[in-house]
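Numbered from 1 within each chain, the chains take letters A, B, ... in sequence-line order. Below, each value reflects all heavy atoms present in this structure, side chains not excepted, and no hydrogens, waters or symmetry copies.
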Amino acid sequence: MNISRTDLNLFVVFEAIYSQGGVTRAAEVLHLTQPTISHALGRLRDRVGDPLFVRHGQRLVPTPLADRMIGPTREALKLFQRTLGELDGFDPLTAEMQFSIGMRALMEASFFLPLVRLLNSAAPRVMVSSVPLDRRRIEADLSAGELSAAIDIFLPLGEDIRREHLSTSRTVVVARQGHPQVVGQITLGSGPINRLEIALVACFKSPNFQGVS
DNA sequence: ATCGGTACATCCCCTGGCTG
DNA sequence: CAGCCAGGGGATGTACCGAT
C-alpha cells in the first residue's frame, strides 16, 4: 500500500469506530455525520481489502485484521499528536485549552476544586470541566478524546493508559463505645455494618491535594 | 406477527482542490 | 476556465432487535 495515495484521516476514523464500537458514535466524537464515517470506512475497506468491521446485531465487531491494526494505528496517531503538540509548544501561562476530566462525585469534591485553584494561578486561560465518570467507558472515552483525563480508584486498564497515583484514602468506622451492633471485627463485606444506616465520609491527603467530602 | 427504534449502507448531490 | 475527482452530507433503504 502506497502511503502517499492513502488519506491518513481514514485511520483517525478507523480508530474512532474501533473505540466507540460503531459508526454513529464515531461520527459524534469526530463531529462528522454518519454517512461520512460510513464512506470513509468504505474507502479504508477498499484500501486494505478487508471489511475491518462486520455487523453483529446492532454492533460493529472488528475483524482479526482490525484487531491487528488497532495497536499500530493508535501508536502512529499518538506520534502525530505528540509531534503536532511539540510544534505548537506549550506555555501554561498563555495556553488557551479546554480539558474534560472524568470523575465521580466523591472524587470531585476532593480533587476538582483544588485543581481549579491551582490552574487559576498556573494556567489562567486553561478551562477544565468535570464530567460524570462511567467506569465501563474510561478507556474508550480516553482513547476517543472525550475525556482528557480521569480520576478514580485504581482500576485494571490497558497498558496504553498512562496513570499516576494521587492519594491514598483510609476507611474508618466511628461509633459510640459499647454500641450493641458494632462489636468485634468489622468488615465492609458482611456483618453488622451492613445493617446500619451509615454516612460515608472520605478523607484524602496527598502532596498535591487535600480535601474532605 | 407486527411495529417502532436503532444503526449501517447506499444513492445522489454539492463543494472545493487540482490539473491541463 | 472547464473538467475531473475526492470528500462530506441529506435522504432513503435495509437489517436487526426488543416490545407488544
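Considering only side-chain N and O atoms, T36(A) lies under 4.0 angstrom from the phosphate OP1 or OP2 of dG9(C). Taking only side-chain nitrogens and oxygens, S38(A) comes nearer than 4.0 Å to OP1 or OP2 of dA9(B). Look at T24(A) and you won't find any side-chain N or O under 4.0 angstrom from OP1 or OP2 of dT6(B).
For the pair I17(A) CD1 and dA7(B) P, the interatomic distance rounds to 14 Å; values are reported in whole Å. The CZ-C1' distance, from F53(A) to dA15(C), rounds to 19 Å in whole Å. Distance CZ (F11(A)) to P (dG7(C)): 13 Å, rounded to an integer number of Å. As a whole-Å value, the separation of Q34(A) CD from dA9(B) C1' is 7 Å. Atom NE2 of H39(A) is separated from atom P of dC12(B) by 12 Å (rounded to the nearest Å). The nearest whole Å value for the distance from the CG atom in L44(A) to the C1' atom in dG7(C) is 15 Å. Rounded to an integer number of Å, the gap from CD1 of I37(A) to P of dA9(B) is 11 Å.
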Show the numbers, then the answer: is there a side chain to side chain contact (heavy atoms under 4.5 Å, CB included) between V13(A) and L44(A)?
CA-CA 9 Å; V13(A) 171; L44(A) 189 58; over 6 Å; no

Side-chain donor-acceptor pairs under 3.5 Å in residues 64-77 of chain A, sequence neighbours left out?
| from | atom 1 | to | atom 2 | distance (Å) |
| --- | --- | --- | --- | --- |
| D67(A) | OD1 | Y18(A) | OH | 2.5 |
| T73(A) | OG1 | M69(A) | O | 2.7 |
| R74(A) | NE | E15(A) | OE2 | 2.8 |
| R74(A) | NH2 | E15(A) | OE2 | 3.4 |
| R74(A) | NH2 | S19(A) | OG | 3.0 |

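The backbone N or O of A40(A) lies less than 3.5 Å from no partner atom in the side chain of R45(A), so there is not a single donor-acceptor pair.
Proximity of M103(A) to F112(A): side-chain heavy atoms (C-beta onward) are separated by under 4.5 Å at one or more points.
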